[in-house]
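Okay, structure first, notes after.
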Amino acid sequence: VAKINNCKSLLRKHILNIKPYSTARDEYKGTDASVFLNANENPYNILNYKYKEHDNIFDLNRYPDPTQELLVNEISKLKNIDTKNIFLGNGSDEATDILIRMFCEPGRDKIIVMPPTYGMYEVKATINGVETIDVPLIEKDNSHEINRKELFETIDTEPDAKILFICTPNNPTGGIVEGSVIHEILEKFDGLVVVDEAYIDFSDTKSFSSELENYSNLIVLQTLSKSWGLANLRIGICAANEVVIDFMKRIKPPCNISGLAQELAIDLLKNRTNKDEITTKIITERDRLSETLKGLNCVEKVFDSQANFLFVKFRDGNETYSILAKNGIIVRNRSNVEFCENCLRITVGTDEENAKLLSVLKNIE
Ligand SMILES: *Cc1c(COP(=O)(O)O)cnc(C)c1O
């Protein structure tokens, strides 16, 4: 069990007394209001007027539900997480930003990351005047592992480290972090441990959200942007203990998720019955693509992946990137990033897209 029982002691002092922005909707206790002159909204639903013959009419002129109650309920059922432990962000990147602002005092507190990893943790930290400590992963055969010795030394010698980010499956390498290592970190680190599970549905690991009641310092991030195919809606999920969630809600912009996004997400979560089928198809295609790539002249190494992308080391990463680009195929060039020399991150596409990718790569010597 984590040493901190009360995450309040980790909050920046001025955050402790923040009251959430109170809307008229929060203050009105009744249930039968029909005239809304409280939010300076336009009384005319212009789109509704123009397209009134359509069935699906959204009140585009009205502000959305700031509590996102119906969508939270739906996600709670889907993920088997209590509603009081759920925060929804405008993408999970918003949750990362809010967590750093809530817990890290600029110029003093720090975050720990294990590169190569998702760049947004450091970006959000830097924007907020918070230093990032790198504990690089160690490349081993076709995967990467955490440098446990260096990580625990860093934890011991950096008392101002407030948040540690673990990305599993990791972007861009595609590998997972073993559950036992995450448990060990949760036990030994006196700050918050964020487990970013953006790609969990493509892996054979189980979510750490089931451990929330055992660790008050655990924060789990998920998103509807990847396996659910809803990147355009910008809906991220943050699961954590009730105190952390309560403060995140006080800090967020009241209407951080549009009503249209909320309604579409509810509809899709309830009715998109082919989500698992598509996820399985992407996994199968990923493994097939991985095997084919391993046989190509231009490929040095394909890392094991449990995500919807492959991290591939080429003989010449920049050259391969340009040839692909000339053929209209855009991949993520990580060749010039530390610890990623000659590596490209390639998202698993449709059968046709992957075939086109392979046809170009086959011709590179
Ligand atoms: C894509 C991604 C996210 C998520 O993004 P949102 O679209 O902002 O929800 C989060 N973490 C990682 C590691 C990702 O790759």
Side-chain angles (χ1 to χ4, degrees), residues 68 71-72 74-75 78-79 81 86-101 111-125 127 132 134 137 144 146 163-177 182 192-203 205 207-209 218-240 248 252-253 256-258 260-262 264-265 268-269 275 279 282 286 303 305-311 330-334 337 339-340 343-349:
Q68 301 133 5
L71 181 54
V72 168
E74 213 49 53
I75 287 173
L78 178 78
K79 303 280 179 188
I81 302 170
I86 296 175
F87 167 89
L88 298 183
N90 194 275
S92 58
D93 291 346
E94 185 182 41
T96 300
D97 184 60
I98 290 178
L99 288 167
I100 291 174
R101 279 193 282 141
I111 65 162
I112 300 176
V113 303
M114 294 176 276
T117 192
Y118 190 43
M120 200 55 84
Y121 313 135
E122 179 166 4
V123 168
K124 298 291 186 194
I127 289 169
T132 300
D134 286 342
L137 297 171
H144 294 76
I146 286 185
I163 308 179
L164 192 158
F165 286 89
I166 301 172
C167 189
T168 179
N170 186 41
N171 179 3
T173 60
I176 53 157
V177 179
I182 300 177
L192 298 157
V193 178
V194 175
V195 180
D196 186 344
E197 301 180 335
Y199 300 97
I200 184 114
D201 290 350
F202 302 103
S203 79
T205 58
S207 173
F208 252 73
S209 58
L218 170 64
I219 292 168
V220 176
L221 296 181
Q222 290 196 9
T223 179
L224 299 187
S225 298
K226 309 286 160 63
S227 62
W228 282 96
L230 300 178
N232 204 331
L233 294 193
R234 311 302 306 125
I235 295 172
I237 303 161
C238 175
M248 291 181 83
K252 80 177 179 86
N256 60 330
I257 299 178
S258 83
L260 204 53
Q262 291 181 50
L264 284 177
L268 286 160
L269 293 182
K275 179 247 179 191
T279 300
I282 291 171
R286 171 195 73 203
F303 290 92
S305 172
Q306 294 213 22
N308 64 340
F309 55 81
L310 291 168
F311 195 54
I330 308 301
V331 298
R332 189 82 163 121
N333 186 5
R334 303 279 79 190
V337 175
F339 317 113
C340 300
C343 290
L344 308 181
R345 191 195 66 196
I346 304 174
T347 307
V348 178

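In this text, all values refer to a predicted model and were calculated from it rather than measured experimentally. Counting starts at 1 for both ligands and their atoms, following the listed order.
Note: Tyr199 and Phe202 have tilted aromatic rings, judged against thresholds of 30 and 60 degrees for the angle between ring planes.
Looking at Asp201 and Gln222, their side chains never bring a donor and an acceptor atom within 3.5 Å of each other.
Between Val348 and Ile282 the shortest heavy-atom distance is CG1-O, 3.9 Å. Across Thr173 and Phe311, no two heavy atoms sit closer than the pair O-CB, 3.6 Å. Taking each heavy atom of Leu137 and Pro116 in turn, the nearest pair found is CD1-O, 3.9 Å. Annotation for Ile237 and Lys79: closest pair CD1-CE, 4.0 Å, computed over non-hydrogen atoms.
Residue contact check: Gly91 has heavy atoms under 4.0 Å from atoms 6 (P), 8 (O), 9 (O) of ligand 1. In the vicinity of Thr223, heavy-atom distances shorter than 4.0 Å reach the ligand 1 atoms 6 (P), 7 (O), 9 (O). Close approach to Ser225 involves these atoms of ligand 1, each under 4.0 Å from a residue heavy atom: 6 (P), 7 (O), 9 (O).
Considering both main-chain and side-chain atoms, Tyr121 never comes within under 3.5 Å of ligand 1 through any nitrogen or oxygen pair. The shortest N or O to N or O distance between Lys226 and ligand 1 is below 3.5 Å.
Side chains of Asp93 and Tyr118 form a contact here, defined as non-hydrogen atoms less than 4.5 Å apart.
Summary of contacts: the protein heavy atom closest to atom 15 (O) of ligand 1 is Tyr199 OH, 2.6 Å. Of the protein's non-hydrogen atoms, the one nearest atom 8 (O) of ligand 1 is Arg234 NH2, 2.8 Å. Considering only non-hydrogen protein atoms, atom 11 (N) of ligand 1 sits nearest to Asp196 OD2, 2.6 Å.
At a 4.0 Å cut-off, at least one heavy atom of Cys167 sits close enough to ligand 1 to count as contact. At a 4.0 Å cut-off, not a single heavy atom of Glu94 sits close enough to ligand 1 to count as contact.
When heavy-atom distances to ligand 1 are checked against a 4.0 Å cut-off, Ser92 comes that close through both its backbone and its side chain. At a heavy-atom distance under 4.0 Å, only side-chain atoms of Asn171, from C-beta outward, approach ligand 1.
Among Ile111, Ile219, Val113, the one residue that satisfies the side-chain contact (heavy atoms from CB on, under 4.5 Å) test with Val194 is Ile219.
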